Amino acid sequence: RRNPENEELIYNYMIDQVSQGSQTISTSELKSEFVETTTMSKDTFHRKLNNLIESGKIVREGIGGYKILKSEEDDVEGRF
């Protein structure tokens, strides 16, 4: 069973951060947004990050950072 809702939340949050000037988004920033607010569990959070990496939407950037990959298939805003 796959529910892309949490992936969409993470990806769209990252899009918003990039539009505000961030090039990379730290794991701690993402955790404080999604895990500490109980939007999702820590395990779900890490699974969804890995799904986004596997689908080619984001890439791990160094230790504890993530970066969005631009794609021609993305719509104008780059959202799901």
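Keep in mind that what you see is a predicted model, and the values were worked out from it rather than measured. Index from 1, following the sequence.
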* Please answer whether the main-chain N or O of Ile25 pairs with a side-chain N or O of Ser22 as donor and acceptor at a distance below 3.5 Å. => no
* Asked: Within the side chain of Thr39, is there an N or O that forms a donor-acceptor pair under 3.5 Å with the backbone of Val35?
  -> no
* Structure fact -> Rounding to 0.5 Å, atoms OG (Ser26) and CD1 (Ile63) come to a distance of 13.5 Å
* Please report the C-alpha distance between Glu5 and Lys48 in whole Å, then the side-chain angles of each, then the deciding distance to 0.1 Å, and finally whether the side chain to side chain contact (heavy atoms under 4.5 Å, CB included) criterion is met. => CA-CA 10 Å; Glu5 184 177 314; Lys48 299 306 176 182; over 6 Å; no
* Phe34 versus Leu9, closest heavy-atom pair with distance -> CZ-O, 3.5 Å
* Mark yes or no for whether Thr44, through its side chain, and Met40, through its backbone, hold a donor-acceptor pair below 3.5 Å. => no
* Structure fact -> Here the gap from Glu8 atom CD to Lys57 atom NZ, rounded to the nearest 0.5 Å, amounts to 9.5 Å
* Structure fact -> Separation between OG (Ser41) and NE2 (His46), nearest 0.5 Å, reads 9.5 Å
* Which atoms form the tightest heavy-atom contact between Tyr11 and Leu69, and what is the distance? -> OH-O, 4.3 Å
* Are any non-hydrogen side-chain atoms of Arg60 and Asn50 less than 4.5 angstrom apart? -> yes
* Leu49 side chain reached by Leu30 side chain, heavy atoms, under 4.5 Å -> yes
* To do: Verify whether one side chain among Tyr66 and Gln17 offers a donor that lies under 3.5 Å from an acceptor in the other.
  => no
* To do: State, to 0.1 Å, how close Ile10 and Phe45 come at their nearest heavy-atom pair, and which atoms those are.
  => CD1-CD1, 4.0 Å
* Please step through side chain to side chain contact (heavy atoms under 4.5 Å, CB included) for the pair Ile58 and Met14, ending with a clear verdict. => CA-CA 9 Å; Ile58 66 172; Met14 291 178 77; 3.9 Å; yes
* Asked: Hey, what do you get for NZ (Lys31) to OG1 (Thr37), rounding to the nearest 0.5 Å?
  -> 13.0 Å
* Tell me, do Lys67 and Val18 make a side-chain contact under 4.5 Å, heavy atoms counted? -> no
